[in-house]
Amino acid sequence: MTFLGTPLPLVSPGALKASLALTDPAAVAAKRQAISDILTGKDDRLMVVIGPCSVHDPKAALEYGQRLAAIQARYQKQLLLVMRVYFEKPRTRHGWKGLVYDPELCGQFDVNQGLTQARQLLLDLHQLGLPLATEFLDLTTGHYLADLVSWGAIGARTTESQVHRALASALPCPVGFKNGTDGNVRIAIDAIRAAADSHLLFGPNDQGQLQALASAGNAQTHLILRGGLQPNYQAQAIEAACAALRHAALPERLMVDCSHGNSRKEYQRQHQVAADIGAQLAAGEHRIFGVMVESFLEAGSQPEGPKASLSYGKSITDACLGWDESLVLLDGLAKAVQGRRQCAKA
Ligand SMILES: O=C[C@H](O)[C@H](O)COP(=O)(O)O
Ligand SMILES: C=C(OP(=O)(O)O)C(=O)O
């Protein structure tokens, strides 16, 4: 090995997809189309990407998905609920990097187990009828999981990365680019433009052999305002971001992340962010087509640690809204969409 480190066995994408097969790809395609219709404005509902910051316990994530699936019908006239199922965590400095890398939370890097658990959970959630959202971070994991994903994110720390823009150009689903952690929106707009092109990328084929791929280009990409040194969810920031999109000859369509830089990492502040967005929608703001919310079974977060030491249903990365308060936030967004429709009729 010319690289320093310990080689670890890795299941091939084809073997994993054969053992945990998606039997109804048309159902995933329909979910992607529903998201695309909202992205383009054909459907006037609001897309809500909601769920835990990260998946460390597939059982708890599945329970969250069962609850989300059970309320889809309640909101379906106003909201399209898309579940966050994040298996890879971009860290600012240190910390657990996600289920794919360390499913036992013990630093053993059992990637085969992590990929298997991740794909099994996506299959289980897909069968509940939920559209599924994830961040694509490592350039390889998409080869194992992307066929089950309805919407992808490129995170604040990788939006400027050329290889992540190339990855997005090859993904079979709509993709949102977060602004930079400092609030830089331009790099996300550059990413949208770059990802529309065909790019050369390297990755495994189904047999696990390295191949080069000339991507098709992805026109279904968009901006996500996630805050930065200052929040960027308020009307003035929305206007500035839309002016930048207009200047780049891009559609003025965007998603707002109620968490991260917009909540300043205070999870309950997501209520205020969602309420401000709701007021904008109710006043006729049509350019905001979606929001992101960090939400789980239990409110808050807990320090990462051995699985046996953790309490059930609580995030070990960013703090999240609890289930009941998440319903309050969804109720407010549904009312705001109704208000937007009244505005449109006036
Ligand atoms: O969404 C999760 C976090 O915002 C991101 O992974 C960074 O977390 P950290 O700043 O604790 O590393
Ligand atoms: C890591 C995330 O967000 P960001 O890239 O905006 O920090 C996330 O949404 O889980």
Side-chain angles (χ1 to χ4, degrees), residues 47-56 61 64 82-102 105 118 132-138 141-142 145 149-161 163-165 167-168 173-189 191-192 195 221-233 237 241 254-270 273-274 290-296 299-305 314-321 326:
M47 173 180 172
V48 182
V49 180
I50 186 168
C53 171
S54 57
V55 172
H56 69 275
Y64 184 92
V82 180
M83 183 174 167
R84 270 181 63 109
V85 199
Y86 277 40
F87 300 118
E88 303 180 79
K89 296 310 300 168
R91 305 314 304 252
T92 302
R93 281 176 292 283
H94 313 295
W96 180 72
K97 292 182 179 176
L99 189 80
V100 163
Y101 303 100
D102 187 9
L105 300 158
L132 304 175
T134 201
E135 175 172 356
F136 290 97
L137 183 56
D138 187 283
T141 46
L145 306 175
V149 173
S150 298
W151 178 88
I154 302 295
R157 295 164 188 77
T158 47
T159 279
E160 200 166 17
S161 155
V163 290
H164 286 85
R165 293 171 175 186
L167 173 64
C173 59
V175 174
F177 285 100
K178 298 268 190 111
N179 62 258
T181 53
D182 60 356
N184 186 329
V185 167
R186 178 191 51 75
I187 62 170
I189 290 176
I192 292 167
T221 65
H222 64 85
L223 172 62
I224 306 172
L225 296 179
R226 53 83 78 194
L229 301 178
Q230 296 300 328
N232 58 12
Y233 62 86
L254 57 83
M255 176 181 288
V256 181
D257 179 353
C258 296
S259 191
H260 302 102
N262 275 329
S263 67
R264 298 180 187 161
K265 293 278 191 153
E266 295 173 34
Y267 74 93
Q268 282 142 325
R269 200 188 286 267
Q270 293 185 90
V273 178
V291 298
M292 178 179 283
V293 180
E294 287 194 308
S295 156
F296 203 12
S301 64
Q302 58 183 323
E304 60 182 81
K314 185 177 282 191
S315 174
I316 65 169
T317 47
D318 283 354
C320 299
L321 291 176
S326 301

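When a ligand or atom number is given, it counts from 1 through the structure's own listing order. Heads up: numbering here begins at 1 and tracks the sequence.
At a heavy-atom distance under 4.0 Å, no atom of Ala153 approaches ligand 2.
Using a heavy-atom distance under 4.0 Å as the criterion, the protein contacts of ligand 1 are Cys53, Lys89, Pro90, Arg91, Thr92, Arg157, His260, Lys265, Glu294, Asp318.
The contact set between ligand 2 and Pro90, taken as ligand atoms under 4.0 Å from a residue heavy atom, comprises 1 (C). Close approach of ligand 2 to Tyr86 (heavy-atom distance below 4.0 Å) involves ligand atoms 8 (C), 9 (O), 10 (O). Heavy-atom proximity to Lys89, at under 4.0 Å, picks out these atoms of ligand 2: 1 (C), 8 (C), 10 (O). For ligand 2, the atoms lying closer than 4.0 Å to a non-hydrogen atom of Gly155 are 5 (O). Near Arg84, with a cut-off below 4.0 Å to any heavy atom, the atoms of ligand 2 are 8 (C), 9 (O), 10 (O). Close approach of ligand 2 to Arg157 is summarised as follows: ligand atoms under 4.0 Å from at least one heavy atom of the residue are 4 (P), 5 (O), 7 (O).
Side-chain contact between Glu294 and Tyr86 is absent, with no heavy atoms from C-beta onward closer than 4.5 Å. A 4.5 Å side-chain heavy-atom check between Thr141 and Phe87 finds every atom pair outside the cut-off. In this structure, the side chains of Arg157 and Thr92 come closer than 4.5 Å at one or more pairs of heavy atoms. The side-chain heavy atoms of Arg165 and Ile187, taken from C-beta on, include a pair separated by under 4.5 Å. Taking 4.5 Å as the limit, every side-chain heavy atom of Thr159 sits out of range of all side-chain heavy atoms of Asn179. Side-chain contact between Val149 and Phe136 is present, with heavy atoms from C-beta onward closer than 4.5 Å. For the pair Lys178/His260, a side-chain contact is recorded, criterion being any heavy-atom separation below 4.5 Å from C-beta on.
What sits closest to atom 6 (O) of ligand 2 on the protein, heavy atoms only, is Arg226 NE, 2.7 Å. What sits closest to atom 3 (O) of ligand 2 on the protein, heavy atoms only, is Lys178 NZ, 2.9 Å. Annotation: atom 5 (O) of ligand 2 to nearest protein heavy atom, Ala156 N, 2.8 Å. For atom 2 (C) of ligand 2, the nearest protein heavy atom (residue, atom name, distance) is His260 NE2, 3.4 Å.
By the ring pair (Phe, Tyr, Trp, His ring centres under 6.0 Å) test, Tyr64 is found to be paired with Trp323, residues two or more places apart in sequence or in another chain being considered.
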When you look at Tyr101 and Asp138, which way does the side-chain contact (heavy atoms from CB on, under 4.5 Å) test go after all the steps? CA-CA 10 Å; Tyr101 303 100; Asp138 187 283; 3.2 Å; yes
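Remark: side-chain polar atoms of Arg84 are not paired, donor with acceptor, to backbone N or O of Ser54 under 3.5 angstrom.
Between Asp102 and Lys97 no salt bridge is recorded (no basic side-chain N to carboxylate O distance below 4.0 Å).
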